[in-house]
Each structure stands twice: as C-alpha cells, then as structure tokens.
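Excluded from the calculations below are hydrogen atoms, water molecules and symmetry mates; all remaining heavy atoms, backbone and side chain alike, are included.
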Amino acid sequence: MELLEQEYKNLVNGDRMANGRWIDIFSPVDGSLCGRVPAMSREDIDQAVLGCRQAQEKWQRTPVFKRAEILYRAADLLEQQAEEIAGMLVMEIAKDKKSALSEVKRSADLLRYTADVGKNSRGEAIFGDNFPGGSRNKMSFVSRVPMGTVLAVSPFNYPVNLSVSKIAPALMGGNTVLLKPATQGAVSALMTAYLLDKAGLPKGVLNTVTGRGSEIGDYTVTHPGVDFVNFTGSTQVGEHISQICSMKPMIMELGGKDAAIVLEDGDLNFAADNIVDGAYSYSGQRCTAVKRILAVEPVAGRLVEKLKTRIERLKQGDPREEGVTITPLISREAADAAQKLIDDALQKGAELIIGNRREGNLLAPTLIDKVTTDMELAWIEPFAPVLPILRVKNAAQAVEIANRSEYGLQSSVFTSSIDRAFAIASRLEVGTVQINNKTERGPDNFPFLGVKNSGMGTQGVKYSIEAMTRPKAVTINLRGGSF
Ligand code: NAP
Ligand code: G3P
C-alpha cells in the first residue's frame, strides 16, 4: 500500500497531517492490511475546508461544459482502474467481485450522466429562468448558484458509488466538495477521489477528510466552512447529525426495512427469484435490500418452499471466489446484532426455514417464517442475510403493517393486476414502490428518496444538482418612459 499512501499524501499534501497519525484498515475477509488512512486532526480538517473555500470562486465560474469534461475524463479513469478498485472493495468491505465491479461501472455511468445533464439541454437543473413583474418596469432574473462547500459523507457498503453519487452532482452544480468516507471503505473511496483529482479538478475543489466519525464527525459536519451536508448512513447517526447541524441544509439517505408484498395473484417463481436476489445480494448489506416479506396466507406456504430452494443454491464464503454471494459481514458487531434478532424471533415462536449458522462474521443466508409483529425482526433493520416472513390476511393488512414501520425507503408489490399494484402503491408510505421487482436504487439517475426515518431530500443526479444549488434572483427596475 506504500504507493497509495504516497498518492494519498500527494492528494492531501501529506505534510498537512498535523498529528501524523494513521488508521490501519484491516480486511473483514482475512484480517490482512488493506491500507492506511490519516486520522486527521481538527487542524487538518480546517485546512481541508479552507482549501475548498479558496477554490470555490474560480470553480463556480468554470463553464458548465468544462466541469462536464472533467467528469467524463473521471469516468474513463474509473473504468480503466475498475479491476484495481473492485479488488480493494472485495478485501476492504468483503463485497463479492461481481458486485464490486458493478459498483465501479455504475459509478462511471453516473459520472457520465451527470456530465450530460450539465452539458446539454437537460442542464435545466442548473440554469434558471426569469419572470416579468406585475408592472412592465420590473423583471426578475433567476439563476441557480451553488450552495458552496458540500460535505459528502458516505457509508461502508458503497464507498465508491455513494461517494460519486454526491460528488458528481455537487461539482456539476458548481460546489466544492469535502469527502468523508466511512473508515471501513476509506481506501476504496480515496482511490476514487484520487482519480477524480487526476481527471483535472483544480486543487482544492475536491478534498478528503478521514478519521473515525465518532472522533471527528461532529466537528466536521458543524464546521462553519461547510455549507451543505449530503449524508448516507444509519438513521441513528443521521438523526444525530440533523440535531447538531440546525439551520444547515442537508440531504439524508438513511436506514430501511423494505417490504416485499406478495399477493395471491403474483407470479411466485418470479417473486421468489427477485426476493432472494433483493434480500441476500452483498449479504443483505444494502439499504434497499428486501428486509421483510408480507405474504398473503393462501400463497405463503408455496412461496416459502420456492424461497428455500433458491436460498439453498446461494454460495457463501470468500468474496474472492467466483459466484459467492454471501460473504463475511463488515464487523463482528454487525453479525452479533443480526444474531440477536434471529434468536429473539425463534424464542418467540417463529419458524426457522433455513440458515441460522455462523462462522465468525459469516452468517448463513437465513429465512424465518411466521414472524409476528411482537418480534424485533419484524421492525429492526438487520443489515445482514436474514429475512423474515410475516403472513397476512390480505393486501389491506399488508399495507397497514408495511406503513407501521418507522422506515419508508422502498416497497415491492408482486401481483398480476396492474390496477391493484397502483392502488397499493398509492397507499404505501415510501419513497419508491417497485411493481413486480425487487427493491433497488438503480439506475442512479432515477429519483431516490426515503421518507420517515429513511431520510430527507431526494438524490438522483438532476434532483441532487437541484438540492445542492439554490435560486438567486436579480431584479431589474426600469424607469419606464417612451421611446
Ligand atoms: P454509519 O455507521 O451511520 O456511518 C455512515 C457514515 O457516517 C460513515 O462515514 C461514518 O464514519 C460517518 N459518521 C459516523 N458518525 C458520524 C458523526 N457524528 N458525524 C459525521 N459522520 C459520522 O452507517 P454505515 O454503517 O456506514 O452504513 C450502514 C447504514 O447506512 C445502514 O443503516 C444502511 O441502511 C444505511 N445506508 C442507507 C443508504 C440509503 O441510500 N438510504 C445507503 C447505504 C447505507 P465512520 O465510518 O468513520 O464511523
Ligand atoms: O444501499 C445503497 C443504495 O444505494 C442501494 O443501491 O442499487 O443496491 O439498490 P442498490
């Protein structure tokens, strides 16, 4: 990792490390050292913020097409380095190789789409409009201007995609960006930031802050030099940040408990395929993972059998091996939390269909039937390959239980009637309803939002650019008169 450290030091001007401390990042796969990132001090953070602010004026006056050119170049560089960055994702966050490569590729696509939005007629998200006043002598000219320095805080499960999904629209909107990646995932995130820098970003337009959120997080989010916070992470941390950052504009993407509603007229094979993929890919460590099934009684038994057959085929183990889906969770604490939910459900009478086996952080894909609403697993986000089935009487009860959750990210509805699907979708209190599909965010240009404890604000390129810019009105007052 010497090379990366050197590159990183170039990126953040290594001699700025006032305290010279580093954090060793170890792999959850085999305990090997993935890399080291600076444990930055408050002085280092002040310097990083100052760098952004000094670069702001020139950057926001950079023509939109020139910003776009840099993003296009960054996309090419990301694709050229895809194998290397994916290899780091595999080791640093135990993401299977296929998902890791997919994360890098989709991030390159996101950069290009963002550049497109800026460069061509779809750039309306950046440009403003004008309004004639009531009298003929007043005219208001409205343009969109950047919020200023955007703090992008990304989570461990998508260190590349959920950094780029903030950085690219922020830059296209004329903002400078301070990236604070999750510590577990920081090496992958810094490799990505480094490529953005290499693509031609002027010095200071993108800076990075590393260090444990519990130590430097509060200082960074409340920093007076930070004008906007774009956060993705747990609801617990998100709530904390929103409390200490009063009056600071922000976007939050938080936890989820996405429900897959399966009705008696749904295609059970199709639903089972989608649910298994949606619940167990990357070991369920996706905010949009299917995290509970609400199945009507008449089909629940057959659905369970179909799910079990598919789960038995899932390969678990080392993410470096071909075809592995179930990999070690990010930490022992995460595995302990998931195990606690399993134990609670089984002690209260739920029925284990498959799984509930553990080797260290590696949890076997687990399916638990006849989960009831008095069990924690019905409501708490496991962020693990653990899926509860709640049997319901009908669609109305499914909607009622779905909406009782503190979360509101996404839901799926499996039915053959498009009319029923839309009727149910209109009643679900979530950001997105997937009709006959697993819950998922992509493609990244789609609007993506959570309601209730799943977040606030909307991401999705065009929406993100709008959120990280604001209208600025200049009113011209004519004195009138004839000509
Ligand atoms: P997390 O523990 O909340 O951490 C998220 C980020 O916040 C990390 O970069 C973390 O840094 C940082 N952080 C921690 N405390 C902070 C503070 N006081 N101030 C500022 N930043 C702070 O979440 P995670 O474990 O990385 O990710 C899993 C969670 O994120 C799950 O709940 C999942 O549902 C949610 N998530 C939601 C979405 C979505 O799109 N809605 C997407 C992905 C994940 P450190 O790593 O250094 O602690
Ligand atoms: O959990 C992160 C969120 O961005 C999920 O993306 O495409 O896996 O649904 P996706």
Side-chain angles (χ1 to χ4, degrees), residues 235 238-239 251-268 270-279 284 286-304 307 368-382 387-443 446-460 463:
T235 294
E239 282 175 340
I251 291 183
M252 293 257 159
E253 294 179 331
L254 306 176
K257 188 72 176 180
D258 292 3
I261 297 172
V262 183
L263 302 178
E264 66 283 355
D265 61 347
D267 175 334
L268 294 187
F270 182 76
D273 289 341
N274 264 276
I275 288 170
V276 168
D277 186 19
R286 293 169 46 241
C287 62
T288 47
V290 173
K291 294 180 185 143
R292 52 185 171 150
I293 299 173
L294 304 175
V296 293
E297 271 295 356
V299 299
R302 280 183 289 137
L303 178 66
V304 168
L307 291 169
I368 300 179
D369 190 8
K370 298 173 184 166
V371 170
T372 50
T373 54
D374 61 311
M375 300 171 189
E376 290 178 353
L377 184 57
W379 307 111
I380 292 175
E381 174 185 52
L387 182 60
I389 299 174
L390 290 82
R391 298 188 177 210
V392 295
K393 291 197 294 289
N394 50 38
Q397 190 183 32
V399 169
E400 190 279 324
I401 292 175
N403 287 340
R404 218 191 299 172
S405 170
E406 68 172 289
Y407 296 110
L409 198 56
Q410 297 201 4
S411 282
S412 289
V413 181
F414 292 93
T415 170
S416 59
S417 160
I418 196 69
D419 296 297
R420 282 185 94 189
F422 271 82
I424 290 167
S426 69
R427 289 170 179 79
L428 288 169
E429 295 163 9
V430 291
T432 302
V433 177
Q434 299 278 356
I435 295 176
N436 291 326
N437 187 48
K438 62 181 180 285
T439 44
E440 64 178 345
R441 173 192 193 128
F446 277 18
F448 181 67
L449 69 153
V451 296
K452 301 196 277 185
N453 282 351
S454 287
M456 58 183 173
T458 304
Q459 298 272 34
Y463 296 87

Would you say CZ of F422 has more than 12 non-hydrogen atoms from neighbouring residues, nucleotides or ligands within 6.0 angstrom?
no
For N274 and S412: C-alpha separation, side-chain torsions, deciding distance, then whether side-chain contact (heavy atoms from CB on, under 4.5 Å) applies.
CA-CA 10 Å; N274 264 276; S412 289; over 6 Å; no
The test is side-chain contact (heavy atoms from CB on, under 4.5 Å); show your working for I293 and L307 and say whether it passes.
CA-CA 11 Å; I293 299 173; L307 291 169; 3.5 Å; yes
Who are the salt bridge (Lys or Arg N to Asp or Glu O under 4.0 Å) partners of K452, not counting sequence neighbours?
E429
Do NZ/NE/NH1/NH2 and the carboxylate oxygens of E264 and R420 come within less than 4.0 Å?
yes
Nearest heavy-atom approach of E381 to K291 is OE2-NZ, 2.7 Å
Taking all atoms of both residues into account, what is the closest heavy-atom pair of A279 and A289, and its distance?
O-CB, 4.5 Å
Looking at S454 and G408, would you say the former's side chain and the latter's main chain have a donor-acceptor pair under 3.5 Å?
yes
Once rounded to the nearest 0.5 Å, what's the spacing between atom CG of D369 and atom CG of L387?
10.0 Å
What's the verdict on side-chain contact (heavy atoms from CB on, under 4.5 Å) for L377 and I368, showing C-alpha distance, side-chain angles and the deciding distance?
CA-CA 9 Å; L377 184 57; I368 300 179; 3.9 Å; yes
Quick one: side-chain hydrogen bond (donor to acceptor under 3.5 Å, both in side chains) partners of E406, sequence neighbours excluded?
N453
Here the gap from M252 atom CE to L449 atom CG, rounded to the nearest 0.5 Å, amounts to 15.0 Å
Over all heavy atoms of both residues, which pair between N436 and F414 is shortest? Give the atoms and the distance, please.
OD1-CA, 3.2 Å
For I380, give me all partners under side-chain contact (heavy atoms from CB on, under 4.5 Å), at least two apart in sequence or on another chain.
L341, E376
I261 side, atom CD1; R292 side, atom CZ - distance, nearest 0.5 Å
8.0 Å
Rounded to the nearest 0.5 Å, what separation is found between the CD atom of Q410 and the CD atom of Q434?
5.0 Å
I need the L268 CG to R302 CZ distance, nearest 0.5 Å.
5.0 Å
Heavy-atom pair with the smallest gap, counting every atom of F448 and C287
CZ-SG, 4.1 Å
Results of salt bridge (Lys or Arg N to Asp or Glu O under 4.0 Å) for E239 - residues two or more places apart only
none
Inter-residue atom distance L409.CG - T432.OG1, 0.5 Å rounding
7.0 Å
Please answer whether the main-chain N or O of T288 pairs with a side-chain N or O of T439 as donor and acceptor at a distance below 3.5 Å.
yes
Are the side chains of I389 and L303 in touch, meaning some heavy atoms are under 4.5 Å apart?
no
Is a side-chain donor or acceptor of R441 paired with a backbone partner of G460 at a separation under 3.5 angstrom?
no
So, do W379 and I401 sit near enough that their side-chain heavy atoms are less than 4.5 Å apart?
yes
Those residues at least two apart in sequence (or on a different chain) that pass side-chain contact (heavy atoms from CB on, under 4.5 Å) with S426 are none
Mind running side-chain contact (heavy atoms from CB on, under 4.5 Å) on D258 and V290 for me, showing each step along the way?
CA-CA 5 Å; D258 292 3; V290 173; 5.6 Å; no
Which residues pass the salt bridge (Lys or Arg N to Asp or Glu O under 4.0 Å) test with R286, sequence neighbours left out?
none
Side-chain contact test, heavy atoms from C-beta onward, threshold under 4.5 Å: evaluate it for L263 versus I424 and give yes or no.
yes
Restricting to non-hydrogen atoms, name the atom on R391 and the atom on V304 that form the minimum distance, rounded to 0.1 Å.
NH2-CG2, 4.1 Å
In terms of heavy-atom contacts, P388 and V371 come closest through CB-CG2, 3.6 Å
Counting N and O atoms only, with roles assigned by atom type, does the side chain of S416 sit under 3.5 Å from a partner on the main chain of D265, one being a donor and the other an acceptor?
yes
Side-chain heavy atoms of N403 within contact of L428, under 4.5 Å
yes
